K.L.:
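Sharing a structure below in structure tokens format, with a few things to ask.
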Amino acid sequence: MSDPFKRSFEPAPPAPAAGSITARARGAHRAPYLEGLNPEQREAVETLDGAVLVLAGAGTGKTRVLTTRIAHILSLGRARASEILSVTFTNKAAREMKTRIGAMVGEAVEGMPWLGTFHSIGAKILRRHAELVNLKPDFTILDVDDQIRLLKQLIAAENIDEKRWPARLLANQIDSWKNRGLSPDQVSAGEGATFANGRGRDLYAAYQARLKTLNAADFGDLLLETIRLFRQHPEVLRQYQTRFKYILVDEYQDTNVAQYLWLRLLAQRTSGTAAADLVLRDAALRAAPQDEAREEPASAISAPTPRPEEPAHSAGVSKDVAPLGPPKNICCVGDDDQSIYGWRGAEVDNILRFDHDFPGAKVIRLERNYRSTAHILGAASHLIAHNEGRLGKTLRSEGEAGERVVVSTAWDSEEEARAVGEEIEQLQRQGHRLDEIAILVRASFQMREFEDRFVTLGLPYRVIGGPRFYERAEIRDAMAYLRLVNQPADDLAFERIVNVPKRGLGDAALQNLHDLARARGVPLIEAARAMGTSEAVKPKPRAALRDLVAAFDRWRAQRDTLPHNELAEIVLDESGYTEMWQKDRSADAAGRLENLKELVRSMEEFENLQGFLEHVALVMDTDRGEDHEAVSIMTLHAAKGLEFDTVFLPGWEEGLLPHQRSLDENGRAGLEEERRLAHVGITRARKNARISFVSNRRIHGSWTSSLPSRFLDELPEQHVEVREAKGGFGGYGNAYGSRFDTTAAFGSSYTTPGWRRAQKSRGGFEEDPHEYSQVEPDEPAGRMRDVGASRAPGGGTNGAFKPAAARPAPSFAASSASGTPPRRAPVTIEGELVARSTGAPSAFSRGDRVFHQKFGYGRVRAVDGNKLTIQFDKAGEKKVVDSFLNKA
DNA sequence: CAGCGTTCCATTTTT
DNA sequence: TGGAACGCTG
């Protein structure tokens, strides 16, 4: 291979086709693993050179493509296992890939050291070069608890009222900065001001400094610090660029800006070129909220370490990035229609702009679905087609038509749960396995009602999600002990266990330790050592401190002689931690002891303590299989990637399935993400999808009547069966009656097909079947009702709302013509106005007085793109989209 | 430092 | 409505 550095200066050749042709010719004859792939899959596997984006719809064999591709690379001898970088988001996905590659190529999996999550690979790289980013190779990976505790201290140290500015909030803010690849110096002043009246950025910087002295990194750092390492040490970057001959990325639609930058750096053929920095500028521009980019172009746009030899690029240049040299062989697999993690920093833009970011990229669509029936796919496809920001795919079923998607309704959530329970029992009687049935909810509070009902019925169920094994208090405590044995300077671990079990070392004692430690510049445990012999300390705490320090000295001495799992047992026993739980009489104490045992047992699999600690921080996950057959209950988010024969989708109501908060905070983008969530839900089903909505739901204790989800309107008639629930509890007529009244009172006539179907289902009026055909995917505006504002008297289109510009006029004519009450002029949904990440800058800035139709007068507290945080005079602080505001 | 009352809040969550 | 988290009191 020629010198990669040199090559990057050559003009970008198109991705060489020759390679794949040869591969195909060879593969056709001698590769059994290629058998059974459909043509698109095969193309995705065999297109090895350059950048490839595989748009893999739900159930189209995404993992198979990824794993086969790796097998293909290996079997052609294109690269060794250690030269393939393969990243996933979850450990589960990584594990599955390992297993499946193992099944194909055998032993070589063990030699795939670079197959893992973004974070675990980031950690691996970082440990190798820790000293270059001011860490030691054995740095600690902090969990969220530690992070919050640390931030609390910093906030207190700054004399900021933690009530008003909770550490949690700051943690989220810092996290979101890290997600966007911003280090403290890159956070623009305007945005840095969002926390505690302008001290957010300083706190972030202080936090980072503190992490260094603690020799610790949080999850975000595993990526961000790696990026910094790569930028500041091109020779290190080059080493990895050379090593990784092929890069594969799973779930590309979920990547955030930091992950994108990380990938970009590695996918360059060489570092240090102007082109590479241009890319970074581009990404930084995308990452920085527009308003701040305007305020402070320099800080928002410039790369972190400006290279003096490079000419400064104007902002104008970075908008249209110069093409890069040929990218490495990078293959990203994803599905924009399944991007449901925007709220935690995922940038759909990454996938939407792939061919822009990687010029000459080949885009391959996988649209043959092997999972679901034609009815299910028809419904899902039609629904998702209402989204605008998508690359567009049409899933085709390779199976039979199957049954239509069933839509049913219930009076309230209790009855909904009852109906689902009955249906499941019936399925069970028909011989369906409970393992093949799932209930997918939008929000976890919905689960409770199902659990209650299933307990009553004696129907086995399993809640997926919830607190992870390593998030449990007892595991974290035990881990803190082990961390401290491993790393005396781990102050956060020390704080966690200094008084667990109770040693009479309360807040006061800890405060003294802190003071001393700070004064002397030593870790807490050293301060404890000093105070343990100091006359100034009262005898009782003095003895406690002495014992504690002595214990840790002892354990540390044993570290090299004892197997680490035995050591762990000794630590837990001698510290009194095990005893603490043995004495505890609460119901879950036994379970906690069990978990501790499990923890110790699982240590056997690791070579040393260090390796184990790394594992728990990054890898250990929740699904320790319960073996009995049970119905699964989980959130729609948790269901991504899973499939079941039968899927129940309860709670399709306005405000819950398009979740109100998503609409309020992210407007149109939020709505589209909610729709993707609905789409993910339906496509989990192989044979049966059963959607339901209720008229009344208890929210925060009080009953609220609800409207059917707009997504119901977006389901195509031919694939849907509206079924009247059996049982007759509660009186449906009543339900509809009252809801109809409510609707009328709002003045927004509810005449959409979904609604009318519902009417029909209880023997209401008949409607013209043509109605349904009016629901076309290309008519999104017409389907969107204004959610918030229309409820206010006289709400709707008014001065506060911008018109729905540049959208095709919705075809209302037909529905009016067919005798339905005339609908009002199209009302813009809040989202219409909302920014995508590349949207226009907000016209508002901090401090502006504003007026909001619903919340009244207020003042702008913070600006984040088009999302504003407003302190309303009456309604309190809210996040709103700027287009909902007028200047006051 | 434990226990109790009060207050506040209430999508989605991986690593 | 229900829980978690906090602050006050004994």
Side-chain angles (χ1 to χ4, degrees), chain A residues 87-94 116-123 141-144 147-148 152 162-164 166-168 171-172 175-176 178-179 217-224 250-251 254-256 258-259 339-346 413 440-449 464-468 470-471 499-510 540-541 614-623 634-641 651 655-666 670 673-674 676-678 680-681 697-704 876-877 879:
Chain A
V87 278
T88 62
F89 272 84
T90 63
N91 293 301
K92 200 172 153 203
T117 61
F118 276 100
H119 295 269
S120 67
I121 290 172
I141 298 168
L142 295 190
D143 65 33
V144 188
Q147 220 181 325
I148 304 269
K152 268 194 182 145
E162 215 248 308
K163 273 250 178 91
R164 196 163 157 66
R168 177 109 239 157
N172 288 338
D175 208 47
S176 107
K178 288 187 173 177
N179 282 158
D218 65 17
F219 281 115
D221 285 343
L222 297 180
L223 290 167
L224 202 52
D250 191 18
E251 306 277 17
D254 287 340
T255 48
N256 59 36
Q259 285 155 341
S339 165
I340 54 176
Y341 286 108
W343 52 274
R344 69 178 194 214
S413 45
L440 311 183
V441 297
R442 172 68 246 259
S444 41
F445 74 82
Q446 291 174 264
M447 293 180 178
R448 215 189 134 154
E449 222 119 17
I464 314 274
R468 260 147 270 291
Y470 63 82
E471 281 172 1
N499 203 31
V500 180
K502 306 275 178 235
R503 297 189 175 90
L505 299 168
D507 289 346
L510 190 59
K540 238 169 95 183
E614 177 100 355
H615 172 82
V616 176
L618 288 176
V619 181
M620 193 167 235
D621 49 20
T622 172
D623 36 64
M634 68 189 95
T635 63
L636 287 163
H637 285 92
K640 195 171 77 155
L656 184 57
L657 188 43
H659 199 281
Q660 192 57 48
R661 214 159 143 174
S662 195
L663 263 27
D664 287 346
E665 290 176 8
N666 293 303
E673 184 153 312
E674 296 290 306
R676 289 192 290 263
L677 215 36
V680 165
R697 195 171 281 283
R698 219 171 22 185
I699 300 185
H700 317 325
S702 53
W703 288 97
T704 317
E877 189 173 291
K879 268 194 169 179

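Given the structure is predicted, the values throughout are model-derived calculations rather than measurements. Convention: sequence-line order gives letters A, B, ...; per-chain numbering from 1.
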K.L.:
Please answer whether the main-chain N or O of A/T117 pairs with a side-chain N or O of A/S120 as donor and acceptor at a distance below 3.5 Å.
P.N.:
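At least one qualifying donor-acceptor pair exists.
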K.L.:
Starting at atom CD of A/Q446, determine the distance to atom C1' of C/dT1, rounded to an integer number of angstrom.
P.N.:
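Spelled out: CD on A/Q446 to C1' on C/dT1 is 16 Å.
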K.L.:
Send over the distance from A/K178 NZ to B/dT14 C1', rounded to a whole Å.
P.N.:
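That distance rounds to 16 Å.
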K.L.:
If the P atom of B/dT13 is compared with that of C/dG2, how far apart are they to the nearest Å?
P.N.:
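Each nucleotide's P atom is 22 Å from the other's.
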K.L.:
Could you give the CZ-to-P distance, from A/F89 to B/dT14, as a whole number of Å?
P.N.:
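That distance rounds to 13 Å.
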K.L.:
Could you tell me which non-hydrogen atom of A/Q259 sits nearest to which non-hydrogen atom of A/H119, and how far apart they are?
P.N.:
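What the structure gives for the nearest pair is NE2-NE2, 4.2 Å.
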K.L.:
Taking CE from A/M634 and C1' from B/dT14, how many angstroms apart are they, rounded to a whole number?
P.N.:
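The answer, rounded to whole Å, is 16 Å.
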K.L.:
Which whole-number value in Å describes the distance from A/Q259 CD to B/dT14 P?
P.N.:
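Distance check: A/Q259 CD to B/dT14 P gives 14 Å.
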K.L.:
Separation of A/R503 atom CZ from B/dC1 atom P, in whole Å?
P.N.:
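Result: 11 Å.
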K.L.:
How long is the line joining CG of A/D221 and P of B/dT14, in whole Å?
P.N.:
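Atom CG in A/D221 sits about 20 Å away from atom P in B/dT14.
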K.L.:
Please report the shortest heavy-atom distance between A/I148 and A/A171, naming the atom on each side.
P.N.:
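What the structure gives for the nearest pair is CD1-CB, 3.9 Å.
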K.L.:
Would you please confirm or rule out a distance under 4.0 Å between OP1 or OP2 of C/dC6 and any side-chain N or O of A/K152?
P.N.:
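It does, given that an N or O in the side chain of A/K152 lies less than 4.0 Å from OP1 or OP2 of C/dC6.
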K.L.:
Please check the phosphate of B/dT14 (OP1 and OP2 only) for any side-chain N or O of A/N91 closer than 4.0 Å.
P.N.:
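For B/dT14, neither OP1 nor OP2 has a side-chain N or O of A/N91 closer than 4.0 Å.
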K.L.:
Looking for any heavy atom pair under 4.0 Å, which part of the strands does A/R448 touch: base, sugar-phosphate only, or nothing?
P.N.:
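If one applies the 4.0 Å heavy-atom cut-off, A/R448 turns out to touch the sugar-phosphate alone, with no base involved.
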K.L.:
How are the rings of A/Y341 and A/H637 set relative to one another: parallel (under 30°), tilted (30 to 60°) or perpendicular (over 60°)?
P.N.:
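It falls in the tilted class, 30° to 60°.
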K.L.:
Under the rule for side-chain hydrogen bond (donor to acceptor under 3.5 Å, both in side chains), what residues qualify as partners of A/E449, not counting sequence neighbours?
P.N.:
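Only A/S413 meet the side-chain hydrogen bond (donor to acceptor under 3.5 Å, both in side chains) criterion with A/E449.
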K.L.:
Considering just the side-chain nitrogens and oxygens of A/K502, establish if one lies under 4.0 Å of OP1 or OP2 belonging to B/dA2.
P.N.:
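Checking A/K502 against B/dA2: at least one side-chain N or O falls below 4.0 Å of OP1 or OP2.
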K.L.:
Can you give me the N/O atom pairs linking the protein to nucleotides 10-13 of chain B at distances under 3.5 Å, or say none if there are none?
P.N.:
{"from": "B/dT11", "atom 1": "O4'", "to": "A/H659", "atom 2": "NE2", "distance (Å)": "3.3"}
{"from": "B/dT12", "atom 1": "OP1", "to": "A/S444", "atom 2": "N", "distance (Å)": "2.7"}
{"from": "B/dT12", "atom 1": "OP1", "to": "A/S444", "atom 2": "OG", "distance (Å)": "2.3"}
{"from": "B/dT12", "atom 1": "O4'", "to": "A/R442", "atom 2": "NH2", "distance (Å)": "3.1"}
{"from": "B/dT12", "atom 1": "O2", "to": "A/W343", "atom 2": "NE1", "distance (Å)": "3.3"}
{"from": "B/dT12", "atom 1": "O2", "to": "A/R442", "atom 2": "NH2", "distance (Å)": "2.7"}
{"from": "B/dT13", "atom 1": "OP1", "to": "A/T635", "atom 2": "OG1", "distance (Å)": "2.7"}
{"from": "B/dT13", "atom 1": "O4'", "to": "A/R344", "atom 2": "NH1", "distance (Å)": "3.4"}

K.L.:
For A/N172, what residues pass the side chain to side chain contact (heavy atoms under 4.5 Å, CB included) criterion, not counting sequence neighbours?
P.N.:
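Side chain to side chain contact (heavy atoms under 4.5 Å, CB included) check on A/N172 returns A/R168.
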K.L.:
Write down the distance separating the C1' atoms in C/dA5 and B/dT12, rounded off to the nearest Å.
P.N.:
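Nearest-Å result for C/dA5 against B/dT12 at atom C1': 22 Å.
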K.L.:
Using OP1 and OP2 only, check whether a side-chain N or O of A/N499 sits under 4.0 Å from B/dC1.
P.N.:
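It does, given that an N or O in the side chain of A/N499 lies less than 4.0 Å from OP1 or OP2 of B/dC1.
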K.L.:
Reckon A/K540 touches a base, only the sugar-phosphate, or nothing at all at heavy-atom distances under 4.0 Å?
P.N.:
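Answer is nothing: A/K540 stays at 4.0 Å or more from every strand.
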K.L.:
Could you walk me through whether A/Q446 and A/L656 pass the side-chain contact (heavy atoms from CB on, under 4.5 Å) test, one step at a time?
P.N.:
CA-CA 10 Å; A/Q446 291 174 264; A/L656 184 57; 3.6 Å; yes
K.L.:
If you assign A/G504 and A/G220 each to the DNA chain B nucleotide with the nearest heavy atom, which residue ends up on the more 5' nucleotide?
P.N.:
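In this pair, the answer is A/G504.
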